[in-house]
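Before any comments, here is the structure.
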Protein chains: 2
Amino acid sequence: MTTLSPNGAAGVRKVRRATMNDVARLAGVSIKTVSRVVNDEAGVHPATAERVLAAIDQLGFRRNLSARNLRRGSSTGTVGLVLEDVGNPFYSGVTRAVEEIARLRGRQVITGSSDEDPARERELSLEFCSRRVDGLLIVPAGLQHGYLVPEMRAGTPVVFLDRPAGDVVADTVLVDNIGGTAAAVAHLASFGHRRIAFLGDAPDIFTANERLRGYREGCVRAGIGYHESLVVMGPHDEESVRKALQGLQNAADPATAVVTGNNRITVHAVRALAGSAVRPALVGFDDFELADLLSPPVTVIAHDASALGKAAADLLFARLDGDGSPPRRVVLPVRLVARGSGEVRPS
Amino acid sequence: MTTLSPNGAAGVRKVRRATMNDVARLAGVSIKTVSRVVNDEAGVHPATAERVLAAIDQLGFRRNLSARNLRRGSSTGTVGLVLEDVGNPFYSGVTRAVEEIARLRGRQVITGSSDEDPARERELSLEFCSRRVDGLLIVPAGLQHGYLVPEMRAGTPVVFLDRPAGDVVADTVLVDNIGGTAAAVAHLASFGHRRIAFLGDAPDIFTANERLRGYREGCVRAGIGYHESLVVMGPHDEESVRKALQGLQNAADPATAVVTGNNRITVHAVRALAGSAVRPALVGFDDFELADLLSPPVTVIAHDASALGKAAADLLFARLDGDGSPPRRVVLPVRLVARGSGEVRPS
DNA sequence: GCGCACTATGACAACGTTGTCCCCGAACGG
DNA sequence: CCGTTCGGGGACAACGTTGTCATAGTGCGC
């Protein structure tokens, strides 16, 4: 068993990190030969290579990628991913998918959470640019992305995920928010609901606004009209969702169905309704784990985090491979997964 | 509205990235003065600084961190995090916590998923070392970590999370696996259960093995004895969990209660039992979202992903701050959250 | 024995930044 | 008027690596 005390502990001599120079000296060759061996370049005598490898092993040499990247100037082998919150299952799914694609292309992923703060998004993105990431994947928090123009001009491809950029034309991967909520309303209307409420996120968030639009279109198309009194937008914690639902149910003409605008709101709603006697029909945007095991199982508009991450990463790598076509906007389909909560008639 | 076509698109001149040299030339100063301005060093005349800043802005200059890190030699401002799967909610919680602490210390986090593959864990860790991360947080996939010795000796602190390293003494943050399953068994026994089964992950995974040990200790202590026939270990997908449960229930002396070894297994078990008429009592290791909304709500041994990430990151940064004390082993407590599924008497 | 091709290796500069040292000119005291 | 101090700024080397080019040695055909 090898034992080793950590950094700085008594009794362990802290050693300077070996460089190619040290390896070269030990192996009795020039530094360039070490470089050749490390990079698997042809034209090194097997015996020499062996000596070099032995020296590398003995010294625990590991090549300094900062120096390499500096010298080579081109790829740093990294891509940056700026999202809202790595802790959110939706985004961690996105992260995983991006990582997967990046791995196939031999790239590392650096992530950062913006927490919906445009300043933080900018800070992270530019930090990544300073690190000379090969490309940038961004879930926009704000609407202004002019700060990226010099970076894009310098050749760093940027792909926006989940929401479009405000003032820059670039590749974007979205999900069909409008179609999703419109489908939710149509679905509920087909079961006879005419008072369908919508609980959405703050309307300055692109997806929230789109989903509201889809809801409105759905209402109009179903011939049940759009009524502002049935819409509650805003940042939603559990308590405010509870209150909103109470308000909708206690109204003179109460809502018999609810469409929720994202998975957090859906979960809050399910929790709020768990005890109550009379339950409105429910369709939520975003699928979530265990939705099928709740009672009743929750009907959702599902879209795939992996697909989103994969599509964005594919787009990014296509750009890195030299694709110079005009910016693309990809809209991923959603699908309604009927599980029970949305397939009930008004009571 | 600023429009800009992406990388390489027709009509956009791709521009070489500006360096301090370019800025210096434009501002009519020396490169060193630019460096001073960029680094907020004192001793630059305000008027000069203004000229430099204007040039920086005009050229879209962004300093190259590779060059900076190379020259300065010390901190790269990054920490590496190697875990099993960023997509797993438990680890994404860990990631978020680590990111949070790192942010406070002005560091970026680079993550990678090992998928329980020791080779991949090694590859990722060493890749991060090549990037000269300031420190490394690792959820071990394998048992051999000797490959880290040169890195640790060179001053890169390493903290192991969730599982200990196999053959290296280093800081480690664990959760109380043994105490957790022991408590689960005691809890079930207190409701009169004497045939308590255990469904765990493959026993070569440290946590799975520990939890099995806790289960066994719990059985012995409760005076109900340890019976191998009640234990099913192994990698578990939904189908195999279903079969294992059927086997346990159809036995001559069927199990009346089940302890599941991690959140994936718990969820599979809940799904498998969803339809069945007679349900064993259930306590799962790991809490999961919506556990309280299932029917019955699932009793779990909860431990906090955030706490784990935070403790590990705190330890790492303490080392970076020069803490040279002997390696520590931190064991985080778990707590039993009674929700219903574990509080039923044998039928 | 001579030129030639070819293999194996090395010398050197350069990547973009920052630390060290040095210099110029203005202000100031005697 | 001279020496000293100090604020502002520049020259230069160095970080660790790799691309370019050069060179020594070897084998081969004639």
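It should be emphasised that the depicted structure is a prediction, and the values quoted were computed from it without experimental measurement. Keep in mind that the numbers below use all heavy atoms, side chains included, and drop hydrogens, waters and symmetry copies. Residue numbers start from 1 in every chain, and the chains themselves are labelled A, B, ... in the order their sequence lines are given, proteins ahead of strands.
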Tabulate atom names and distances for all N/O pairs under 3.5 angstrom spanning the protein and nucleotides 13-15 of chain C.
from: C:dA14; atom 1: N3; to: A:Arg71; atom 2: NH1; distance (Å): 3.1
from: C:dC15; atom 1: O2; to: A:Arg71; atom 2: N; distance (Å): 3.3

Problem set entry | Listed partners of B:Thr78 passing side-chain hydrogen bond (donor to acceptor under 3.5 Å, both in side chains), at least two apart |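 Once residues adjacent in sequence are excluded, the partners of B:Thr78 under the side-chain hydrogen bond (donor to acceptor under 3.5 Å, both in side chains) criterion are B:Thr76.
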Exercise. B:Arg25: what forms a side-chain hydrogen bond (donor to acceptor under 3.5 Å, both in side chains) with it, not counting sequence neighbours?
Worked result: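 Checked B:Arg25 against side-chain hydrogen bond (donor to acceptor under 3.5 Å, both in side chains); matches are B:Asp22.
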Exercise. Can you check whether B:Ala27's main-chain N or O pairs, donor with acceptor, with B:Arg51's side chain at less than 3.5 Å?
Worked result: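 Checking the backbone N and O of B:Ala27 against the side chain of B:Arg51, a donor-acceptor pair under 3.5 Å is found.
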Exercise. Can any side-chain N or O of B:Arg107 pair as donor or acceptor with the backbone N or O of B:Val79 at less than 3.5 Å?
Worked result: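 Not confirmed, B:Arg107 side chain does not pair with B:Val79 backbone.
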Problem set entry | Any side-chain donor near an acceptor of the partner, A:Arg68 and A:Asn39, under 3.5 Å |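 Result is yes, a qualifying pair exists.
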Could you state the [atom1]-[atom2] distance from [X] to [N], rounded to the nearest angstrom?
| X | N | atom1 | atom2 | answer |
| --- | --- | --- | --- | --- |
| B:Arg131 | D:dT17 | CZ | P | 14 Å |
| A:Asn69 | D:dT18 | CG | C1' | 12 Å |
| A:Arg17 | D:dT17 | CZ | P | 11 Å |
| A:Asn21 | C:dG10 | CG | P | 12 Å |

Can you find a heavy atom in the side chain of [X] that is under 4.5 Å from one in the side chain of [Y]?
| X | Y | result |
| --- | --- | --- |
| A:Leu126 | A:Glu151 | yes |
| B:Tyr147 | B:Glu123 | no |
| A:Asp162 | A:Leu308 | yes |

Exercise. Between B:Arg105 and B:Asp134, does a salt bridge (charged side-chain N to carboxylate O under 4.0 Å, His left out) hold up when you go through it step by step?
Worked result: CA-CA 12 Å; B:Arg105 305 305 208 85; B:Asp134 298 335; over 6 Å; no
For this session: Given side chain to side chain contact (heavy atoms under 4.5 Å, CB included), test B:His145 with B:Arg122 step by step and report yes or no.
Result: CA-CA 8 Å; B:His145 297 87; B:Arg122 180 191 158 119; over 6 Å; no
Exercise. With the threshold set at 4.0 Å, does a side-chain nitrogen-carboxylate oxygen contact exist between A:Asp115 and A:Arg120?
Worked result: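 Salt bridge: no.
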Check: protein-nucleotides 22-27 of chain C nitrogen or oxygen pairs below 3.5 Å:
none

For this session: Could you go through the side chain to side chain donor-acceptor pair (under 3.5 Å) check for A:Glu99 and B:Ser113 one step at a time?
Result: CA-CA 8 Å; A:Glu99 199 185 80; B:Ser113 303; 2.7 Å; yes
Exercise. Heavy atom of residues 27-39 of chain B under 4.0 Å from DNA chain D: which residues?
Worked result: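 Heavy-atom cutoff 4.0 Å gives B:Val29, B:Ser30, B:Lys32, B:Thr33, B:Arg36.
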Exercise. Heavy-atom contacts under 4.0 Å between residues 41-63 of chain A and DNA chain D, which residues?
Worked result: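 Under 4.0 Å from DNA chain D: A:Phe61, A:Arg63.
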Exercise. B:Ala97 and B:Ser306: which non-hydrogen atoms are nearest, and at how many Å?
Worked result: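 Closest approach of B:Ala97 to B:Ser306, heavy atoms only: CB-O, 3.4 Å.
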